[in-house]
Amino acid sequence: MPKNYFDEPIAKGYDARWADLFEPAVVEPAVSFLADLAGTGAALELGIGTGRIALPLSRRGVRVHGIELSAAMVAQLQAKPGADNIAVTVGDFATTRVDGSFKVAYLVRNTITNLTTQDEQVECFRNVAAHLEPGGCFVIEVYIPELQRLPPGETIHAFTVTPTHLGFEEYDVATQIAFSHHYWMVDGQLETFSAPFRYVWPSELDLMAQLAGMILRERWSSWEREPFTSDSRSHVSVWEKTR
Ligand SMILES: C[S@@+](CC[C@H](N)C(=O)[O-])C[C@H]1O[C@@H](n2cnc3c(N)ncnc32)[C@H](O)[C@@H]1O
């Protein structure tokens, strides 16, 4: 079982700490995108967390089932209005099977990189394929590694620098791991979070999809369907189950 980095202290503060991600301007385009793909079918969220996307998607009438490693994150979700409509299975989304078949499965906010080996990421694609109806889709939202923007020889990228939050990642090209560190000042106290993430390029994800019997259907740089280009810093990709 992968290590759980989203334990009680992180789970309790998740919505407040990443409040910008809960803004309607961030949530609504993702929910619309996923609702369009789900149609009248069901949706499976891998790493459902505190329900940032699942709850509004469920409010649109889509039946949502979540898989989540952290019982503490699930407890936060289940304390919210509307959570009764969402089934959650506690487990590793690379291997955990749930009942039913789905029109769409989705993995947002860079969460594929929480699986820190290639084998686990491939396993995740295969697990998704086993849950999808024929013609169903798998959607991933994930960042493009910042390596091409780093000065030669540099391995550290600071992604947030404010008086109360320092966030940076250290790239190790040999292992394809970006170790991410956060330091927050909260009420005069220092709070920290560090974890390894396996960064992954779009082409490698396409190959994982192929191994699992899926083919790329769409790739955008955002949920608003802006074009994906060499300058894009993240992507939303949709693979369709073909066999
Ligand atoms: C960055 S949070 C995203 C939560 C939610 N999807 C959102 O958009 O706010 C990543 C979530 O994935 C969960 N997670 C990470 N690795 C997992 C795994 N292997 N299996 C199941 N859940 C996992 C974490 O516990 C955490 O709740």
Side-chain angles (χ1 to χ4, degrees), residues 1-28 30-31 45-56 66-83 86 88 90-94 106-117 120-121 140-147 149-150 154-173 175-200 223 233-234:
M1 192 69 93
K3 184 167 162 29
N4 174 18
Y5 290 95
F6 291 79
D7 52 6
E8 183 65 26
I10 289 291
K12 229 169 53 196
Y14 182 86
D15 293 15
R17 186 155 283 159
W18 283 286
D20 50 323
L21 295 175
F22 286 78
E23 292 292 332
V26 176
V27 170
E28 287 309 317
V31 169
E45 178 163 2
L46 311 183
I48 192 168
T50 64
R52 183 177 69 92
I53 301 296
L55 282 165
I67 301 177
E68 172 56 54
L69 195 61
S70 164
M73 292 291 273
V74 175
Q76 293 295 322
L77 162 62
Q78 287 177 338
K80 295 180 181 176
I86 297 177
V88 181
V90 173
D92 172 9
F93 58 58
Y106 61 96
L107 184 46
V108 299
R109 228 209 125 192
N110 308 323
T111 302
I112 184 70
T113 66
N114 280 73
L115 299 174
T116 53
T117 68
E120 288 172 309
Q121 292 181 351
I140 284 188
E141 175 198 28
V142 65
Y143 72 102
I144 300 291
E146 285 288 326
L147 286 167
R149 295 191 173 84
L150 296 183
E154 187 56 78
T155 56
I156 294 181
H157 165 241
F159 50 80
T160 306
V161 181
T162 74
T164 54
H165 181 194
L166 171 63
F168 64 93
E169 53 186 359
E170 291 176 273
Y171 282 90
D172 181 357
V173 175
T175 56
Q176 205 168 311
I177 293 289
F179 221 98
S180 186
H181 307 276
H182 291 265
Y183 297 82
W184 295 274
M185 285 305 288
V186 181
D187 299 330
Q189 301 287 316
L190 181 65
E191 295 181 6
T192 65
F193 174 82
S194 288
F197 295 90
R198 183 177 191 271
Y199 62 86
V200 59
W223 293 108
R233 298 189 106 109
S234 65

Engineer: Please confirm whether the backbone N or O of G49 pairs with a side-chain atom of E68, one donor and one acceptor, at under 3.5 Å?
Structural biologist: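 Side chain of E68 to backbone of G49: a pair is present.
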
Engineer: How close do A54 and Y106 get, heavy atom to heavy atom, and via which atoms?
Structural biologist: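 It is CA-OH, 3.7 Å.
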
Engineer: Are H157 and L147 side-chain neighbours, meaning at least one heavy-atom pair lies under 4.5 Å?
Structural biologist: no

Engineer: Side-chain polar contacts of residues 10-19 - donor-acceptor pairs under 3.5 angstrom, sequence neighbours left out - could you list them?
Structural biologist:
| from | atom 1 | to | atom 2 | distance (Å) |
| --- | --- | --- | --- | --- |
| Y14 | OH | R109 | NH1 | 2.9 |
| D15 | OD1 | T50 | OG1 | 2.7 |
| D15 | OD2 | K80 | NZ | 2.5 |
| R17 | NH2 | E191 | OE1 | 2.1 |

Engineer: Which heavy atom of A72 sits nearest to which heavy atom of F6, and what is that distance?
Structural biologist: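 Minimum heavy-atom contact is CB-O, 4.2 Å.
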
Engineer: How close do P56 and V27 get, heavy atom to heavy atom, and via which atoms?
Structural biologist: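 Here P56 and V27 meet closest at CG-CG1, 3.7 Å.
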
Engineer: Take the angle between the ring planes of Y171 and Y199 and call it parallel below 30°, perpendicular above 60°, tilted in between.
Structural biologist: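 Correct class here is perpendicular.
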
Engineer: Would you give the length of the straight line joining atom CG of L115 to atom CG of L46, rounded to the nearest 0.5 angstrom?
Structural biologist: 9.0 Å

Engineer: What's the spacing between Q76 CD and R52 CZ if we round to 0.5 Å?
Structural biologist: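 It comes to 15.5 Å.
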
Engineer: Mind jotting down which residue pairs meet the salt bridge (charged side-chain N to carboxylate O under 4.0 Å, His left out) criterion with at least one end in residues 175-189? Sequence neighbours excluded, please.
Structural biologist: none

Engineer: Could you go through D172 and T175, starting from their C-alpha distance and side-chain angles, then the distance that decides it, and tell me whether this counts as side chain to side chain donor-acceptor pair (under 3.5 Å)?
Structural biologist: CA-CA 6 Å; D172 181 357; T175 56; 3.1 Å; yes

Engineer: So which atom in Y143 and which in A178 form the shortest heavy-atom distance, rounded to 0.1 Å?
Structural biologist: OH-CB, 4.0 Å

Engineer: Any idea which heavy atoms bring S70 and N4 closest together, and the distance?
Structural biologist: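 Result for this residue pair: CB-OD1, 3.4 Å.
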
Engineer: Could you give the distance from CD (Q176) to OG1 (T117), rounded to the nearest 0.5 Å?
Structural biologist: 11.0 Å

Engineer: As an exercise, state the distance from CZ of R198 to CG of N114, rounded to the nearest 0.5 Å.
Structural biologist: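 Reported value, rounded in 0.5 Å steps: 13.0 Å.
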
Engineer: Using the side chain to side chain contact (heavy atoms under 4.5 Å, CB included) rule, pick out the option among I177, T155, I156 that qualifies with E170.
Structural biologist: I156

Engineer: For the OG atom of S194 and the NE2 atom of H181, what is their distance to the nearest 0.5 Å?
Structural biologist: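 Interatomic distance, S194 OG to H181 NE2, rounded to 0.5 Å: 5.0 Å.
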
Engineer: Could you grab the distance from atom OG1 of T192 to atom NE2 of H182, nearest 0.5 Å is fine?
Structural biologist: 10.5 Å

Engineer: Taking the six-membered ring for Trp and the single ring otherwise, decide whether the centroids of H165 and F159 are under 6.0 Å apart.
Structural biologist: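 Ring-ring flag for H165/F159: false, centres at least 6.0 Å apart.
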
Engineer: Can you find a pair of side-chain heavy atoms, one from R233 and one from E146, that are under 4.5 Å apart?
Structural biologist: yes

Engineer: Side chains of L69 and M1, heavy atoms from C-beta outward: is any pair under 4.5 Å?
Structural biologist: yes

Engineer: Please report the shortest heavy-atom distance between D92 and P2, naming the atom on each side.
Structural biologist: OD2-CD, 3.3 Å

Engineer: Among E141, Q121, E120, find the one that has a side chain to side chain contact (heavy atoms under 4.5 Å, CB included) with I112.
Structural biologist: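 Of the listed residues E141, Q121, E120, the side chain to side chain contact (heavy atoms under 4.5 Å, CB included) partner of I112 is Q121.
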
Engineer: Around atom CD of Q189, are there more than 12 heavy atoms of other residues, nucleotides or ligands at under 6.0 Å?
Structural biologist: no

